[in-house]
Amino acid sequence: MPSSSSSSSGDLLSAARRVRTFGQLKQLHAQALQHAFHGQPNQWLTHLLAHCARLRAPRSYARRLFDAARSPDARAFTSMLRFYSLLGARSEVLSLVSRMLRHGLPPDAFVFPILVKNSASGALEPLHGRVLRLGHCADPYIRNAIMDAYAKRGAPANARKVFEEAPQITAADWNAMVSGYWHCGDEAEARRMFDAMPAKNVVSWTAMVTGYCKIGEPEKARVVFDAMPERTVVSWNAMLSGYAQNGLAEAALKLFTEMVDGEVHPDETTWVTVVSACSSRRDLRMAESLVAALEERGMISENPFLKTALLDMYAKCGALCKAREIFDAMGRSRNSVSWNAMISGYCREGDLAIARQLFDEMPRRNVISWNSMISGYVQNGQWGSALELFNAMEEEVKPDDVTMASVLSACGHLGALGTGRRAAEIISREKIRLGLSGHNALVFMHSRCGSVAEARRVFQEMPTRDVVSYNSLITGLAAHGHGGEAVALLRRMKEEGVDPDRITFLGILTACSHGGLAAQGREVFSAIGSPTVDHYACMVDLLGRAGELDAAAKLVAEMPVAPHAGVYGALLHASRIHRRVDLGELAAEKLFALEPENAGNYVLLANIYAAARRWEDVEKVREAMQRSGVRKTTACSWVELRGEIHRFTAGDQSHPQREEIYRVLQEYGEKMRAMGYAIDRSWSLKEVEEEEEEGMVGTHSERLAVGFVLLAGAPREAIRVVKNLRICGDCHLAIKMISKISGRDIVVRDTNRFHCFRDGGCSCGDYW
DNA sequence: TTAGGGTTAG
């Protein structure tokens, strides 16, 4: 730390070398200013500037120093160039080099490497030619920069040529080639180069460790690591981060212990890796002890990497306040990674409003910022918001595979097939390579939207499949009546060595239940090791639908786990279908206690009594419902039309197109009545309004949605030719016709079911 | 001042 009593220029200059933070640099600057720079302003400014890159000073500060120098010399230019190069500010680098030339300062051995690194891809070869003409290829710094640039731009052959034409080959040249080949993903050539090296040094070995980790082969990296004749802290760090990046956090932590036991001193990079490996454990106590260890060693520094890793660790352990403290204290050393870590922390905790506020305030957003926010919405069930944000994203950043996985998931949850298909188009147009989770999301989207054939096709074409892939397809098959195929898929996944999990069995049981496969369902159920309460609920549903109500009731009575509302709900539904008042009463009684706020249970029981013509009991249930103050929850429907999602709410009297919608509905309803169908009251605005005056929910969300679709372009003529009006109910039929005639896919989703209409066909499914 | 290591999204 510079002391204020220092007065001589030499003292202050040597103090600059010890400066560790930007704050200290500014302090030194102020002191020097007090002494009028000891009469040597240029020397001072250049000296201060030289430290800006290392201390990550703000761009404006560095620029001010540079501009204040009366006639910047080569050293000032080089410092400024190095600063811009570190920021990745390529155009500033290039314009500064032009300015140097105008000042009569041609690029030298310091400037050429920076220029090479920042040159545009087309400019590299001419630049290389110039370097050759000037004889600079004898300079190892320049030569290495050129080799590195060629390799990084995917031209390892050019790098090889430079290597072979070098007047004398140093270890650095060999190493540049080894890492160059790794950079191009050429394992074989990197290995050949490494084996051919006359004198390998620790850098060569470390490059091999890193290379194997980068291609996802940490085991091979470990073999190299174990064979190393000597290791530096960088070698350890390479192996540690290799484990961490391949998801082997435990192996990383174990290696860290070995490292400390072997008395290798961890540096800041080590700590960054270890802290991030700890984050994945979500273990706050361990996080705290790690911070204590850091404090004990005096390692809590201003290093933004370490700060961000700590921030992320706290955020992942659920200690958002601590994370925010670090974030706020970081001030201007915050970078996009810290912002992103903070945003995803809030998303993880469901604080979407704060996350969004940060997202909107963030100075420079990258694709990860967008992905964090979009997936935050998806994970919290705000699928519409996720799609809205995705639409806004396209103007700023290109989406990648992670983006598309979230978007497809949102489309699946919403039943938005059209949007999902457009997402699939974007993937192929932009040549986005989907990973496993992206493919899974695509299968999920098609499954949930009822396009089973496409779900099947994507599933077949996937390079690898995991339990999630199978579950997505099985669930889709289950919901759309392909029970037998779902059961066959269970066999296939076992053959492929993928273990089914509880979701798989839920899907299979649902498939059997919906597909009337009671015997197979029983067989599968008995094969589940320890069925959860959800599996029991499915099984009760299966038996109930199959009419085996006594077996269902027996299963409930003998369950080893406490039944939840889903179990009794299944029993109640079955009792309604098969008119079993006794079991219905039993199930309803339990349900009234388990979920007193659920109006549906009262309604079902009332219907069971009504079917048995026990009107007094019906009345009693209605009274009980009123006494307990239960109200039916507000139903919602979504319609996707021409790529837009339109949402409708039951009881919504303020829809802007309400009158027009009901005009169309009434027209349609009258035609249906004329054809002999019993259309209920809610097709005419007058009658809906009467119901609403009596305090009833007259406006049905699904009916509004249908009217909206009709209004949007139903060909009236089609309505008359429809014969079979009762397949799926009045509303379904209306939309089926529109879908058939217009060739459009239309998805209607209400709070309990989704309905997917394609080419005059319709698939319906419960969602869970 | 060149060759090897670091934080964020699913």
Side-chain angles (χ1 to χ4, degrees), chain A residues 50 53 75 78-79 81-82 85 108-114 116-117 139-148 151 170-180 182 197 201-211 213-214 228 231-242 244-245 266-277 279 303-313 315-316 334-345 347-348 366-376 378-379 400-409 434-438 440-441 468:
Chain A
R75 211 176 144 223
T78 310
S79 293
L81 280 172
R82 201 165 284 143
S85 181
D108 57 11
F110 297 133
V111 172
F112 261 119
I114 301 173
V116 165
K117 187 176 169 221
D139 184 306
Y141 296 106
I142 300 177
R143 190 170 64 230
N144 277 319
I146 291 176
M147 286 161 66
D148 189 57
T170 65
D173 292 305
W174 282 97
N175 290 340
M177 279 319 296
V178 170
S179 55
W182 277 121
M197 271 183 84
N201 61 18
V202 67
V203 177
S204 340
W205 286 89
T206 308
M208 292 302 282
V209 171
T210 311
C213 290
K214 288 260 158 69
M228 285 177 81
R231 300 184 193 106
T232 64
V233 64
V234 178
S235 328
W236 285 89
N237 290 345
M239 194 63 237
L240 279 171
S241 76
Q245 276 159 12
D267 66 2
E268 286 190 351
T269 302
T270 319
W271 285 106
V272 171
T273 312
V274 169
V275 166
S276 99
S279 309
N303 182 331
F305 281 88
L306 188 51
K307 287 275 176 208
T308 303
L310 287 168
L311 179 165
D312 182 56
M313 179 174 72
K316 282 188 175 138
R334 284 190 291 235
N335 57 29
S336 60
V337 181
S338 358
W339 283 88
N340 292 345
M342 205 62 236
I343 288 170
S344 61
C347 286
R348 224 175 278 121
N366 57 20
V367 69
I368 299 185
S369 327
W370 287 86
N371 290 349
S372 304
M373 199 63 231
I374 290 174
S375 79
V378 171
Q379 276 156 18
D400 66 5
D401 57 325
V402 178
T403 322
M404 298 321 289
S406 293
V407 167
L408 288 168
S409 168
L434 291 186
L436 181 60
S437 53
N440 285 346
V468 179

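We name chains A, B, ... by the order of the sequence lines, and we start the count at 1 in each one. The model shown is predicted, which means the values in this text are computed figures rather than measured ones.
Between Met147(A) atom CE and dA3(B) atom C1' the separation is 9 Å, expressed in whole Å. If you measure from atom CG of Asp400(A) to atom P of dT8(B), you get 16 Å, rounded to the nearest angstrom. The distance from atom CG of Asn175(A) to atom P of dT2(B) is 14 Å, rounded to the nearest whole Å. Going from atom CD1 of Ile146(A) over to atom P of dA3(B) covers 14 Å, rounded to whole Å. Atom CZ in Arg143(A) sits roughly 13 Å away from atom P in dA3(B) (whole-Å rounding). Between the C1' atom of dT2(B) and the CZ atom of Phe112(A) lies a distance of 15 Å, rounded to the nearest Å. Rounded to a whole Å, the CH2 atom of Trp339(A) is 17 Å from the C1' atom of dA9(B). Across the protein-nucleic acid pair, Met373(A) atom CE and dA9(B) atom P stand 14 Å apart, rounded to whole Å.
Which of dG6(B), dA9(B), dT7(B) sits closest to the side chain of Thr269(A) comes down to dG6(B). Of the candidates dT2(B), dG5(B), dA9(B), the closest approach to any side-chain atom of Asn144(A) belongs to dT2(B). Among the nucleotides dT8(B), dT2(B), dG6(B), the one closest to any side-chain atom of Pro140(A) is dT2(B). Side-chain atoms of Thr206(A) lie closest to dG4(B) of the nucleotides dA3(B), dG4(B), dT7(B). In this structure, of dA9(B), dA3(B), dT7(B), it is dA3(B) that holds the atom nearest to the side chain of Val203(A). For Asn303(A), the side-chain atoms get nearest to dG6(B) when compared with the rest of dG6(B), dT8(B), dT7(B).
Rounding to the nearest 0.5 Å places OG of Ser372(A) at 8.0 Å from CG of Asn366(A).
Residue-level contact check: Thr308(A) touches the bases, meaning some heavy atom is under 4.0 Å from a base atom. Heavy atoms of Asp139(A) sit nowhere under 4.0 angstrom from any nucleic acid atom. Among the protein residues, Ser437(A) comes within range of the nucleic acid bases, having at least one heavy atom under 4.0 Å from a base atom. Heavy atoms of Asn366(A) sit nowhere under 4.0 angstrom from any nucleic acid atom. When heavy atoms are screened at a 4.0 angstrom cut-off, Arg82(A) is found touching the sugar-phosphate backbone but no base atom. Asp148(A) comes within 4.0 angstrom of nothing in the nucleic acid, heavy atoms only. Thr232(A) comes within contact range of at least one nucleobase, with a heavy-atom separation under 4.0 Å. Contacts of Gln379(A) with the nucleic acid, taken as non-hydrogen atoms under 4.0 Å apart, involve only primed sugar atoms and P, OP1 or OP2. No engagement by Val209(A) is indicated, since no non-hydrogen atom pair under 4.0 Å with the nucleic acid exists. Across all strands, Ala244(A) comes closer than 4.0 Å to no nucleic acid atom at all (heavy-atom distances).
For dG4(B), its base never sits under 3.5 Å from the side chain of Ser204(A) at any donor and acceptor pair. Between the side chain of Asp401(A) and the base of dG10(B) there is at least one donor-acceptor pair of N/O atoms closer than 3.5 Å.
Between the side chains of Thr403(A) and Asp400(A), at least one donor N or O lies within less than 3.5 Å of an accepting N or O.
Within the 3.5 Å criterion, the main-chain N or O of Ala405(A) finds no donor-acceptor partner in the side chain of Ser409(A).
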Met177(A) and Asp173(A): CA distance, side-chain angles, deciding distance, side chain to side chain contact (heavy atoms under 4.5 Å, CB included) verdict: CA-CA 6 Å; Met177(A) 279 319 296; Asp173(A) 292 305; over 6 Å; no
Residues Ser235(A), Val202(A); criterion side chain to side chain contact (heavy atoms under 4.5 Å, CB included); working and verdict: CA-CA 8 Å; Ser235(A) 328; Val202(A) 67; 3.6 Å; yes
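The shortest distance between the side-chain N/O atoms of Arg231(A) and the OP1/OP2 oxygens of dG4(B) is not below 4.0 Å. For dG4(B), the OP1/OP2 oxygens have a side-chain nitrogen or oxygen of Ser179(A) closer than 4.0 Å. For the pair Thr210(A) and dG4(B), the criterion of a side-chain N or O lying under 4.0 Å from OP1 or OP2 is not met. At the phosphate of dG6(B), OP1 or OP2 sits under 4.0 Å from a side-chain N or O atom of Gln245(A). In this model, the phosphate group of dT7(B) is not approached by any side-chain N or O of Lys316(A) to a distance below 4.0 Å at OP1 or OP2.
Scored by the side chain to side chain contact (heavy atoms under 4.5 Å, CB included) test, Arg334(A) finds Phe327(A), Asp328(A), Met330(A), Ser338(A), Trp339(A) as partners (sequence neighbours excluded). Applying the salt bridge (Lys or Arg N to Asp or Glu O under 4.0 Å) rule to Lys307(A) yields no partners; only residues at least two apart in sequence or on another chain are considered.
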